[in-house]
Every structure is written in C-alpha cells, then in structure tokens.
Number of protein chains: 2
Amino acid sequence: MELPPLIQAFVLHFGEMGSRWGINRTVGQIYALLYAADRPLNAEEITQRLGVSRSNVSMGLRELDTWRLVKLRHLPDDRRDYFTALEDPWAIVRTLAEERRKREVDPTLSVLRDLLMQQPASEEEIHAQERLRALTNTIELLTTWADEVQRLPDERLIQLLKLGSGVVKLLDAKDRLTVVLGGKPRQPRTALPRTALPRASLPHATSKE
Amino acid sequence: MELPPLIQAFVLHFGEMGSRWGINRTVGQIYALLYAADRPLNAEEITQRLGVSRSNVSMGLRELDTWRLVKLRHLPDDRRDYFTALEDPWAIVRTLAEERRKREVDPTLSVLRDLLMQQPASEEEIHAQERLRALTNTIELLTTWADEVQRLPDERLIQLLKLGSGVVKLLDAKDRLTVVLGGKPRQPRTALPRTALPRASLPHATSKE
DNA sequence: CAGTTATTTCAGAAATGTCTGAAATACAAG
DNA sequence: CTTGTATTTCAGACATTTCTGAAATAACTG
C-alpha cells in the first residue's frame with residue numbers, strides 16, 4: 001500500500017472497522033480512500049494504492065454502489081469509470097441510516113408483524129406474543145420517528161441536534177403557555193404521560209435552568 | 001431444536017439477523033429465546049432447546065453479558081446460573097445504542113482526532129485533513145446529541161419520539177414568541193442558521209400547517 | 001471485424017469466524 | 001480430601017466469508 005501516512009492511517013482504520021459495520025475490509029478501505037481523495041479515482045488507481053486485486057476492487061465498488069455511498073463519473077476522453085465518495089457528511093449519515101434500516105430493521109419488523117398475526121397455541125406462546133408485541137411497538141415508534149426526521153432539511157436537522165435535550169424545555173414551555181393563554185386544548189395525538197401536565201416540572205427537566 | 005412454532009420462528013429469525021447485527025447466530029438465538037421466555041432459563045435448558053453444544057451456549061451467554069443484554073440470577077436451592085433477557089424494550093434500545101456506539105463510533109472518533117492533530121506533509125494530506133475534519137464534526141454533533149438524549153427519562157424520550165418532526169414547529173413558535181413578546185435575545189449557544197430567523201418561514205417547515 | 005482496453009464473473013485458495021467435545025477449573029456438600 | 005455438579009477454556013473440526021487470478025464479457029477504435 002503506497003499512500004501518504006495520514007491517509008494510510010485513515011484507510012487502515014476504516015478497513016479494520018469495516019467488519020464491525022457489516023462491510024468487509026476492502027470495502028471499508030475503498031470508501032476511506034475515495035472519501036479522503038481530492039479527485040475521482042478509477043479502479044486501477046484504487047488497486048494500486050490499496051495493494052489488493054483488481055477483481056476485489058471491482059466487487060468492493062459494486063457493494064459500495066448498492067449502499068449508495070459512491071458515485072460513478074466519467075472524465076472526458078477517458079472511458080474508464082471514475083469514482084467519488086458521497087462527500088457531504090450529512091448525506092452520508094442519511095444514506096447509512098436508510099440502508100442500515102433497510103437491512104437490519106425492516107426484515108425483523110416484517111417477521112414480527114407476521115408472528116403477531118398468528119394464533120398462539122399455548123400459554124407459552126401467548127406470553128411470547130406479548131413480548132413480541134412490546135418489541136414491535138418500540139421498533140415501530142423508532143422507525144416512524146426516524147422516517148420523519150429523515151425528511152427534515154439539513155439545516156433543521158442540525159438545528160435540532162444542536163438543541164439536544166433542550167427540546168424538552170420547549171415542550172414544557174408549550175404546555176405551560178397553552179394553559180396560561182387559554183389556548184385550544186391539546187389534541188391527544190401524542191398522549192402525554194401524566195407527569196408532563198402543566199406545572200408538574202420534573203426535577204430532571206429543569207436541572208439546567 | 002424443540003420449540004413451539006411461534007417461538008421457533010422468532011428464534012431462527014434472530015439467529016439469521018445476528019450476522020447483520022455483528023453477533024453470531026447462536027448469540028442471536030439465545031437472546032431471542034430468553035426474550036420470549038416466560039421464566040429464567042439455565043444454560044442446560046438453552047442447550048436443549050436450541051440444539052447447540054453446551055460450550056457454545058456458555059460462550060454466547062458470556063458475549064450477551066458483555067453487551068449487558070442478559071441478567072444473571074439464582075433460584076433458591078439451585079446452584080445453576082439462570083438467565084433472563086433485559087426485557088424492557090427501552091432499556092434494550094438504550095443499551096444497544098450505548099454498546100454499539102462504544103464499539104462502532106468511539107474508536108473511529110479517537111483515530112480521527114488523532115489524525116487531525118498531525119501536521120500534514122503535502123497538499124494531498126491537507127485536503128484529506130479537511131475531509132476528516134468535516135466528518136469528525138458531524139460525528140461529534142451526533143454523539144453529543146445522542147448523549148443528551150440518552151439521559152432523558154423514558155417518558156420524555158417517548159414523548160419526543162411521538163412528536164416526531166413536529167418539534168420544528170415548536171422551534172418556529174419559540175422564535176416568533178421571542179420577537180413578539182420582546183423576550184430576552186437568544187443566547188447564540190446553538191447558533192441558528194440565518195434561515196431560521198423570526199419570520200423567514202421556510203416552505204418545507206410549514207408545509208403541514 | 002480484429003485489436004485493444006475496461007470491467008465483471010467465478011472457481012478455488014486463503015483467511016476468518018463459529019462450533020464442538022474433551023479437558024480443566026470452580027465450588028459446594030459430605 | 002473426595003465426590004458430584006456447573007461452568008469455562010481451548011484445540012482443532014467445520015463453515016462461511018473474503019480475496020485472487022484467470023477467463024469471460026463488454027465496449028470502444030480504427
């Protein structure tokens with residue numbers, strides 16, 4: 001592997017982390033290389049820099065493509081394929097979130113829903129189904145939320161992230177206002193737990209004020 | 001494997017998903033079995049029900065323990081170890097989030113910070129470092145947010161999730177109020193992008209109103 | 001169409017990960 | 001200390017995944 005030390009360290013690390021992220025070493029290395037690169041690279045260049053076989057690079061690029069993490073481009077007067085990494089970090093985050101959900105969550109949700117439709121045949125299965133139902137509800141709440149957040153434009157998403165847990169203050173403020181100003185009663189669409197009613201100010205929610 | 005069909009389907013699915021989740025088949029199966037079970041199980045029972053070797057179960061339980069997903073308990077007059085799954089779905093979500101972060105994100109963040117400290121030795125490295133900086137900032141924003149959200153009590157977390165992207169309306173409402181009522185000027189702690197100022201009402205942000 | 005270059009496919013080699021059975025360890029009870 | 005039971009360790013068998021080189025395919029060029 002013939003790379004400037006800084007880039008090499010980055011590439012090697014991504015290769016090693018690859019296995020924890022469900023991609024293999026070469027795929028991780030290719031992505032890191034493209035991400036750090038200051039120009040599009042073709043397969044042959046990647047092969048040389050990483051010191052792996054040409055066919056391995058071909059397969060790796062195809063996998064990155066199914067993850068929608070690389071873009072294929074062409075340079076004038078050159079019929080080789082050139083690749084760039086999806087470069088905007090927020091685009092990467094969104095893509096990773098979508099793809100991981102598709103691969104890691106959706107199949108499970110589908111199986112769970114299926115099992116919840118079945119008629120339990122024993123006490124044991126009744127209990128199991130209850131547990132499955134609790135799990136399903138939680139996953140559904142999370143994925144619905146993730147869906148909605150995915151649709152926010154970048155600025156909004158960043159704004160929310162920066163606010164952090166500060167959002168709960170806003171929620172409290174809103175509930176108080178609704179009461180003080182005699183606003184329209186809340187639609188119980190998001191049925192609040194009793195502890196979140198007007199003046200109940202929870203200890204933890206106000207700890208930073 | 002001798003299990004009621006519904007439970008068996010659940011267990012088999014978790015086993016298969018295991019590889020995508022960075023755990024192996026047996027570990028996934030053991031967790032699923034414990035999660036669906038209506039009582040604590042000992043290693044021998046798990047062995048029998050899953051039809052895998054006793055030693056495999058021992059290793060699997062140890063791994064689940066390092067993930068903090070199972071609890072060890074003892075029954076009176078029985079010196080065998082009994083296990084239960086972490087059963088509250090929100091506790092599971094929190095634990096998974098923490099553990100995955102520890103394994104999948106923190107090491108990368110540490111390497112990135114390290115590489116950002118280094119003196120770049122070429123134009124190429126200067127560019128690479130800029131890319132690394134962008135990535136680092138994004139990951140840091142995400143993990144800081146995740147940290148804060150982790151500290152919220154369950155009800156608050158659920159409340160937020162149910163609100164979904166509705167939070168942005170609250171943000172807008174707050175900004176408007178600050179102006180209308182002449183409230184104290186915002187601390188620029190979360191420096192908003194210009195587009196989020198008082199009446200700029202972005203098209204996408206108000207699309208549902 | 002033949003020649004050239006780029007990419008993909010794929011069988012098997014190499015590497016890695018998982019699982020088992022046997023042996024080792026741990027520990028309570030007699 | 002010995003016996004009996006529970007659990008862990010670990011070397012090697014087995015299984016899966018990754019990677020390579022060679023061959024096939026594709027696509028352009030004259």
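Per chain, numbering begins at 1; letters A, B, ... match sequence-line order.
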For this session: Write down the distance between CG (B:Leu61) and P (C:dC19), rounded to a whole number of angstrom.
Result: 13 Å
For this session: Flag the pair B:Arg101 and B:Glu98 as a salt bridge only when some basic side-chain nitrogen lies within less than 4.0 angstrom of an acidic carboxylate oxygen.
Result: no
Exercise. Any side-chain heavy atom of A:Pro120 within less than 4.5 Å of one from A:His127?
Worked result: no
For this session: Tell me what A:Thr26 touches on the nucleic acid: a base, only sugar-phosphate, or nothing, going by heavy atoms under 4.0 Å.
Result: sugar-phosphate
For this session: At the 4.0 Å heavy-atom cut-off to chain A, mark where contacts on DNA chain D begin and end, going 5' to 3'.
Result: D:dT18 to D:dC28
Exercise. Pick the nucleotide of DNA chain C nearest each of A:Ala43 and B:Val57; which residue has the one closer to the 5' end?
Worked result: A:Ala43
Exercise. So does A:Arg80 pair up with A:Glu45, basic N to acidic O under 4.0 Å?
Worked result: no
For this session: State plainly whether the residues B:Glu148 and B:Arg151 are in salt-bridge range, i.e. N to O under 4.0 Å.
Result: no
For this session: Mind checking A:Asn24 for me? I need base, sugar-phosphate or nothing, with any heavy atom below 4.0 Å counting as a touch.
Result: sugar-phosphate
Exercise. How about B:Arg49: does its CZ atom have over 12 heavy atoms from other parts shown lying under 6.0 Å from it?
Worked result: yes
Exercise. Which value, rounded to the nearest 0.5 Å, describes the distance between B:Arg131 atom CZ and A:Tyr35 atom OH?
Worked result: 4.5 Å
Problem set entry | Sub-4.5 Å side-chain heavy-atom contact between B:Thr108 and A:Phe14 | yes
For this session: Mind calculating the distance between CE (B:Met59) and P (C:dT20) to the nearest angstrom?
Result: 8 Å
Exercise. Can you tell me how far C1' of C:dA6 sits from CZ of A:Arg54, to the nearest Å?
Worked result: 7 Å
Is there any protein nitrogen or oxygen under 3.5 Å from a nitrogen or oxygen in nucleotides 28-30 of chain C, and what are the pairs?
none

Exercise. With a non-hydrogen cut-off below 4.0 angstrom, is A:Arg25 in contact with a base, only sugar-phosphate, or nothing?
Worked result: sugar-phosphate
For this session: Grab the CD-P distance between A:Glu45 and C:dA6 for me, whole Å please.
Result: 11 Å
Exercise. To the nearest angstrom, how far is A:Tyr82 atom OH from C:dA6 atom C1'?
Worked result: 11 Å
Problem set entry | Nucleotide C:dA6, atom P - distance to CG of A:Asn42 in whole Å | 8 Å
Exercise. Just how far, in rounded Å, is C1' of C:dC19 from CD1 of B:Ile46?
Worked result: 16 Å
Problem set entry | Whole angstrom value for the distance that separates C1' of C:dT16 from CD1 of A:Ile23 | 17 Å
Exercise. Would you say the side chain of B:Ile92 lies within less than 4.5 Å of the side chain of B:Tyr31, judging by non-hydrogen atoms?
Worked result: yes
For this session: Nearest-nucleotide wise, let me know which of A:Asp81 and B:Ser55 is further upstream toward the 5' end of DNA chain C.
Result: A:Asp81
For this session: With A:Gln29 as reference, evaluate A:Ile46, A:Leu34, A:Ile23, A:Val11 under the side chain to side chain contact (heavy atoms under 4.5 Å, CB included) test and give the passing residue.
Result: A:Val11
